[in-house]
K.L.:
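Got a structure for you, questions after.
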Number of protein chains: 2
Amino acid sequence: MTDVKTGPNPLFLREEDLRQGIELLFYAYRDFTAEPDAMLGKIGLGRAHHRVIYFVGRYPGATVTELLAILRITKQSLSRVLGELMEQGYVEQRPGTKDRRQRLLTLTDKGQELERQLSDAQRARIARAYRAAGAEAVEGFRTVMLGIMDEIDRAKFPTPRGPGGKR
Amino acid sequence: MTDVKTGPNPLFLREEDLRQGIELLFYAYRDFTAEPDAMLGKIGLGRAHHRVIYFVGRYPGATVTELLAILRITKQSLSRVLGELMEQGYVEQRPGTKDRRQRLLTLTDKGQELERQLSDAQRARIARAYRAAGAEAVEGFRTVMLGIMDEIDRAKFPTPRGPGGKR
DNA sequence: GTTTTTACGTCAGTCATGTTGACTTATTTC
DNA sequence: GAAATAAGTCAACATGACTGACGTAAAAAC
């Protein structure tokens, strides 16, 4: 108890600090997803559809296998969601040219429009938080979030270059 | 377009930066929840049970209404999960003393033990990320996460006091 | 050139977690 | 005493995940 030893490195981790980290993730994620979820509900879609639309928009021409690796869900789960999105004209697929077994996925115009609307709410939230926090805090955020995620996906986030400015 | 006005503040936000923020949240949360989910699966519980156990452990004597405000789910959803946890001896309730309509929730020893096991995986993940990132980055993480969540719950995270050290 | 692996799809059944809506009981507040 | 609040309950339903089994086409390996 009274674990208050002041070292030269201010980073000693109390129970309290770690608990706070857990809760920050819970609350931030809860609120981060609330707006898109509400929009999706109105058109009869769910969060799973948002994720697929988001990542197909992010990686146009992605294959089903690539999507599965990102989402970490089963083929059967993805299949239903993807099927609904294609049936409703948000996503299209075409056979791969190099490998004709593959289905390369892209967003239709309708899909891009929905993607934009959904992610705009999230982008605005991130932008607001980033602006209020400042560039240095954003770098810290980035570093910690990368440390929280599994190592395997960190390569998706290349080291940022400042805007030619200081440093 | 080309919204690139470089002010004295180096924080100008490109599409790319915001997109990256969205993805950091997705990947970090995905991996943050994976380990407890796997443990819970083995004993026939799910993430919803973890959340209840976590917050009852965090706020011993919390009422059902308080829990509902934190989790933002319906009473009926909570009721099922809470019922299972009580039936299986993880959570207990006793009537409130000041207001006898209330049910004050606490973890049993068994519940505390499970809470510890589940959250240990998450605490270890946070601790690893914090240590690798350093104190300054952690402060930035905290600031940005607070900015992402709705204002209403920020009061749950009082401004940290350094350990009597620098600053 | 046959075998094996891979990419994708599908059918069927199940489970966990959330929702809405209606209604009840006990207790506190006005 | 009436109204509001805290909690619980029943019923029906939607979503998003899972396992397991099986099928097809194409590419890769032998």
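FYI, side chains are in, hydrogens and waters are out, and symmetry mates aren't considered; it's all heavy atoms of this structure. Protein chains get the first letters and strands the later ones, always in sequence-line order, with residue 1 at the start of each. Nothing here was measured: the structure is a model prediction, and the numbers come from that model.
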K.L.:
Checking only heavy atoms, does the side chain of Arg100(B) share a donor-acceptor pair with the base of dT27(C) at less than 3.5 Å?
P.N.:
no
K.L.:
OP1 or OP2 of dT19(C) sitting under 4.0 Å from any side-chain N/O of Ser77(B)?
P.N.:
yes
K.L.:
When the distance from CG of Leu78(B) to P of dT20(C) is rounded to whole Å, what number comes out?
P.N.:
15 Å
K.L.:
Would you call the rings of Phe32(B) and Tyr29(B) parallel, tilted or perpendicular, taking 30° and 60° as the class edges?
P.N.:
tilted
K.L.:
Under 4.0 Å, counting only non-hydrogen atoms across every strand here, what does Gly83(A) touch: a base, just sugar-phosphate, or nothing?
P.N.:
nothing
K.L.:
Considering just the side-chain nitrogens and oxygens of Thr74(B), establish if one lies under 4.0 Å of OP1 or OP2 belonging to dT19(C).
P.N.:
yes
K.L.:
Tell me whether the OP1 or OP2 atom of dG16(D) has a side-chain N or O from His49(A) closer than 4.0 Å.
P.N.:
yes
K.L.:
Taking the side chain as every heavy atom from C-beta outward, state whether Glu66(A) and Leu105(A) have any atom pair closer than 4.5 Å.
P.N.:
no
K.L.:
Specify whether Phe157(B) and Tyr27(A) have parallel, tilted or perpendicular ring planes, treating 30° as the upper limit for parallel and 60° as the lower limit for perpendicular.
P.N.:
perpendicular
K.L.:
Need to verify one output field. Residue with the more 5' nearest nucleotide on DNA chain D, Val81(A) or Asp99(B)?
P.N.:
Asp99(B)
K.L.:
Starting at atom CD of Gln88(B), determine the distance to atom C1' of dA16(C), rounded to an integer number of angstrom.
P.N.:
13 Å
K.L.:
Can you hop from Leu82(A) to Leu40(A) via hydrophobic side chains spaced under 4.5 Å?
P.N.:
yes
K.L.:
For dT24(C), does either OP1 or OP2 sit under 4.0 Å from a side-chain N or O belonging to Arg101(B)?
P.N.:
no
K.L.:
Can you measure Leu104(A) atom CG to dA7(C) atom P for me and round it to whole angstrom units?
P.N.:
13 Å
K.L.:
How is Glu66(B) classified with respect to the nucleic acid when contacts are heavy atoms under 4.0 Å: base, sugar-phosphate, or nothing?
P.N.:
nothing
K.L.:
Assess whether one donor atom and one acceptor atom, taken from the side chain of Gln76(A) and the base of dG13(C), lie less than 3.5 Å apart.
P.N.:
no
K.L.:
Calculate the interatomic distance between Met86(B) atom CE and dA7(D) atom P; express it in whole Å.
P.N.:
12 Å
K.L.:
Are Phe26(B) and Tyr54(A) close enough that their ring centres sit under 6.0 Å apart?
P.N.:
no
K.L.:
Has Gln102(A) got a side-chain N or O lying under 4.0 Å from the OP1 or OP2 atom of dG9(C)?
P.N.:
no
K.L.:
Does dG18(C) have its OP1 or OP2 closer than 4.0 Å to a side-chain nitrogen or oxygen of Arg80(B)?
P.N.:
no
